[in-house]
Participant: 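Before I ask anything, let me first share the structure, which is written out below as structure tokens.
Below, read A as the first sequence line, B as the second, and so on, with proteins coming before strands; counting in each chain starts at 1.
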2 protein chains.
Amino acid sequence: MAGIIDVAREAGVSTATVSRALSGKDYVSEHTKELVEKVAKRLGYVPSASAYTLVTGRTRNIGVVVPYIDRWFFSTALETIDRELVKAGYDVTLYNLSTDDVHRKSIFTNSLARKRVDAVMCIAVRMSDSELAALTAVNKPIVALGGLINGAKCIKISDTSAGRLATDHLLTMGHTKIAMIGLSGNDEKFFRVFDERRDGYETALKLAGIAPKPGWYKQVSKYAISEGYAAAKQLLGDPHHAPTAIFASSDELAVGAMLAAKDMGLKVPEDVSIVGVDNHELADFFGITTIDQNVTGQAELLVKTMLQVLENPEQEMDQVIDWPIELVVRASTTKVRS
Amino acid sequence: MAGIIDVAREAGVSTATVSRALSGKDYVSEHTKELVEKVAKRLGYVPSASAYTLVTGRTRNIGVVVPYIDRWFFSTALETIDRELVKAGYDVTLYNLSTDDVHRKSIFTNSLARKRVDAVMCIAVRMSDSELAALTAVNKPIVALGGLINGAKCIKISDTSAGRLATDHLLTMGHTKIAMIGLSGNDEKFFRVFDERRDGYETALKLAGIAPKPGWYKQVSKYAISEGYAAAKQLLGDPHHAPTAIFASSDELAVGAMLAAKDMGLKVPEDVSIVGVDNHELADFFGITTIDQNVTGQAELLVKTMLQVLENPEQEMDQVIDWPIELVVRASTTKVRS
DNA sequence: CTGTTAGCGCCTTCAG
DNA sequence: CTGAAGGCGCTAACAG
């Protein structure tokens, strides 16, 4: 573990010169620069991150906070966030909140506060006031994806619009008996994305003069195909009030619904139309009409936004970027049978 | 950003006493300890990680290297690795290798070398000799999951055994025309897991006196349902050599194969038996017989192993832990039709 | 263009 | 049980 002193001695210069030659931030003669670089390489010298941080205050490290890792939205977002940040010369420290409350709290009050990070990214994490206060006290830039955070730049889609768009698509096709499968709830640790999709669904119905029936909403406990399957069976098996269309608030649920319909001998879309949300790769495979939210694009913009903030903290920027959604029509929706 | 000096002044003691009181590692009177703790909390004092690292050499940080994040095996493993490491008081810095070669190289030669981490976890990453040399030079413990690394403790399943077990299951049921869907290749960046599964498959066939036909092996380009679907259609549509059973080297491929069979009017398992690998949640939903590899269990053991190495570097331990696999029989396999 | 010097914030001997 | 002092490895003025 050669240090800067070893390089300096070996090259016959001072440590300051080594530092300058290697960082390229100051005037050094071409000759000594090459010499120093050669010696450094020969000795396998790698600067110590902690010493660098201690003296400069910079860490070249970004804290990324997620509620889960092993779910589509999060692993997809993380994939591009980590890749892009590495390209930009940053390391990524990952904080997974899917743990007990004690450790969750410690992430906000300790880990993120130890001057370990230059900035924090929150991926769809909703925080309590005290958590936000702890985070804000660190006085580092915060950017957020998928949910609003006070004082942070934020990128998100309008989930209400997603719900409306999906429902309007079905209404336009003449459907009036439209059910929804979703996962709403008022857990303070999560954003209301799914409630908002439901709000959009209900608003669309009301504007079309249709009163949403309580029985048309089926609550699931997680975003799995199996859950969508079970919910759709309930919905479609109802002898009196079976819907002609289903709005599933994620593509995985939509896939489950489609499989349930098929298993019941119903044809999609002739007997029942299905719309999802996400544009998951499964939606493509199963030919499911969906609302594309382009998570990769959102993640790329998030990284770009953060790098801008880091370079130029004073710059004026929109606080909230409303990411556009798009209806992708595939084979799972058609006009209602008359 | 209160520092240790502020706390010391405010509490009327020396910085040394503050350090001792807060770390709890040395004798401090109960009285002053409480006092210091109170003052520290009031001032919102959080020790600086870099200063701590600089003086102790410890980082409380683990580097985790993965080839991808957004794939089942990796997001599942990461989920528990991050959670367990946070519980144990470690931060996790995540290095995603799914980037160009320049940045990949830089991860090994720079990022991981800056004394940023106490240890490195490699999740199914295969490295070149020079990458391994760079990593070894850092002189920190390395543990690996899913593939052997020289000098590292490693946890993995036997992929050859997985291939054999799946194939033997089918052979025992009287099948002789057994096809395989897989993803082999000789990319130096990846382990040969899928080739090994194929080796196991071919060995099992040979031991049963069956010569594996080249046409029975279908290569796919990634682990997606859509790929399994396309491959199975090819296999099952063959007018002369259609198999009666398919071994898919992942559950996602197996799901695709099952859907393809159904779309062709074939019944599973009456007309064609299907076996997968992983015990993915989809395998449960679709009733697919599979080889369980319990990724969560492997990840937990990996973390435990790493913590042991960290606590007691000299301790004798097995270099390679062979994680047990288990055949989970579901509804997708049955005796061959006579 | 290069060397000298003074810390960055903390832990850890060594005295008391 | 507590304080004083040195130093972890590096960068950023400030002189030369």
Participant: Closest to the B/Val28 side chain: D/dC10, D/dT2, C/dG3?
Facilitator: D/dT2

Participant: What is the minimum heavy-atom distance between B/Ala299 and B/Thr80, and which atoms define it?
Facilitator: CB-OG1, 3.0 Å

Participant: Assess whether atom CG of A/Asp129 is packed by more than 12 heavy atoms of other residues, nucleotides or ligands within 6.0 Å.
Facilitator: no

Participant: Taking side chain as C-beta onward, heavy atoms only, is A/Cys122 less than 4.5 Å from A/Leu135?
Facilitator: yes

Participant: Whole-Å distance between D/dA12 P and A/Tyr27 OH?
Facilitator: 16 Å

Participant: Can you pull every protein N or O that's under 3.5 Å from an N or O on nucleotides 14-16 of chain D?
Facilitator:
none

Participant: Could you tell me whether A/Val13 contacts a base, only the sugar-phosphate backbone, or nothing, with contacts defined as non-hydrogen atoms closer than 4.0 Å?
Facilitator: sugar-phosphate

Participant: Could you go step by step and tell me if B/Glu84 and B/Lys304 meet the salt bridge (Lys or Arg N to Asp or Glu O under 4.0 Å) rule?
Facilitator: CA-CA 9 Å; B/Glu84 294 303 313; B/Lys304 202 181 294 178; over 6 Å; no

Participant: According to a strict under-4.0 Å criterion, is B/Thr32 in side-chain N/O contact with OP1 or OP2 of D/dT2?
Facilitator: yes

Participant: In whole Å, I'd like the distance from the CD atom of B/Glu30 to the P atom of D/dT2.
Facilitator: 11 Å

Participant: Does some side-chain heavy atom of A/Val92 sit less than 4.5 Å from a side-chain heavy atom of A/Asn61?
Facilitator: no

Participant: Would you kindly give the CD1-to-P distance between B/Ile4 and D/dA4, to the nearest whole Å?
Facilitator: 14 Å

Participant: Could you point out which residue of A/Thr53, A/Asp91, A/Asp118, A/Thr93 forms a side chain to side chain donor-acceptor pair (under 3.5 Å) with A/Thr59?
Facilitator: A/Asp118

Participant: Measure the distance from CZ on A/Arg60 to P on D/dC10 and round it to the nearest whole Å.
Facilitator: 14 Å

Participant: Does any pair with a residue in residues 293-302 of chain A pass side chain to side chain donor-acceptor pair (under 3.5 Å), and if so which ones, sequence neighbours excluded?
Facilitator: A/Asp278-A/Gln293, A/Gln293-A/Gln298

Participant: When you compare the side chain of A/Tyr68 with that of A/Ile123, does any pair of heavy atoms fall below 4.5 Å?
Facilitator: no

Participant: Counting C-beta onward and ignoring hydrogens, is there a side-chain heavy-atom pair between B/Thr17 and B/Ser14 closer than 4.5 Å?
Facilitator: yes

Participant: Do any side-chain atoms of residues 136-157 of chain B form donor-acceptor pairs under 3.5 angstrom with protein atoms, and if so which ones, sequence neighbours left out?
Facilitator:
from     : atom 1 : to       : atom 2 : distance (Å)
B/Thr136 : OG1    : B/Leu132 : O      : 2.6
B/Lys153 : NZ     : B/Gln319 : OE1    : 2.9

Participant: Establish, with yes or no, whether the OP1 or OP2 oxygen of C/dC10 is under 4.0 angstrom from a side-chain nitrogen or oxygen of B/Ser19.
Facilitator: no

Participant: Just report the end-to-end axis angle for the helix from C/dC1-D/dG16 to C/dG16-D/dC1, five pairs per end, to 10 degrees.
Facilitator: 40°

Participant: With the side chain counted from C-beta on, respond yes when B/Asp100 and A/Lys87 share a heavy-atom pair under 4.5 Å apart, and no when they do not.
Facilitator: yes

Participant: Give the rounded distance in Å between these two atoms: CD1 of A/Ile5 and C1' of C/dT5.
Facilitator: 14 Å

Participant: Tell me the interatomic distance from B/Leu22, atom CG, to C/dC10, atom P, rounded to whole angstroms.
Facilitator: 10 Å

Participant: Could you give the CG-to-C1' distance, from B/Asp6 to C/dC10, as a whole number of Å?
Facilitator: 13 Å

Participant: What is the distance from CZ of B/Arg116 to C1' of D/dG9, rounded to the nearest Å?
Facilitator: 14 Å

Participant: Is A/Ser29 close enough to C/dT2 that one of its side-chain N or O atoms is under 4.0 Å from OP1 or OP2 there?
Facilitator: yes

Participant: Near DNA chain D, under 4.0 Å by heavy atom, which residues of residues 42-57 of chain B?
Facilitator: B/Leu54, B/Val55

Participant: Donor-acceptor pairs are to be reported for all side-chain atoms of residues 5-13 of chain A against protein atoms at under 3.5 Å, with residues two or more places apart or in another chain.
Facilitator:
from   : atom 1 : to     : atom 2 : distance (Å)
A/Asp6 : OD1    : A/Arg9 : NH2    : 3.1
A/Asp6 : OD2    : A/Gly3 : N      : 2.6

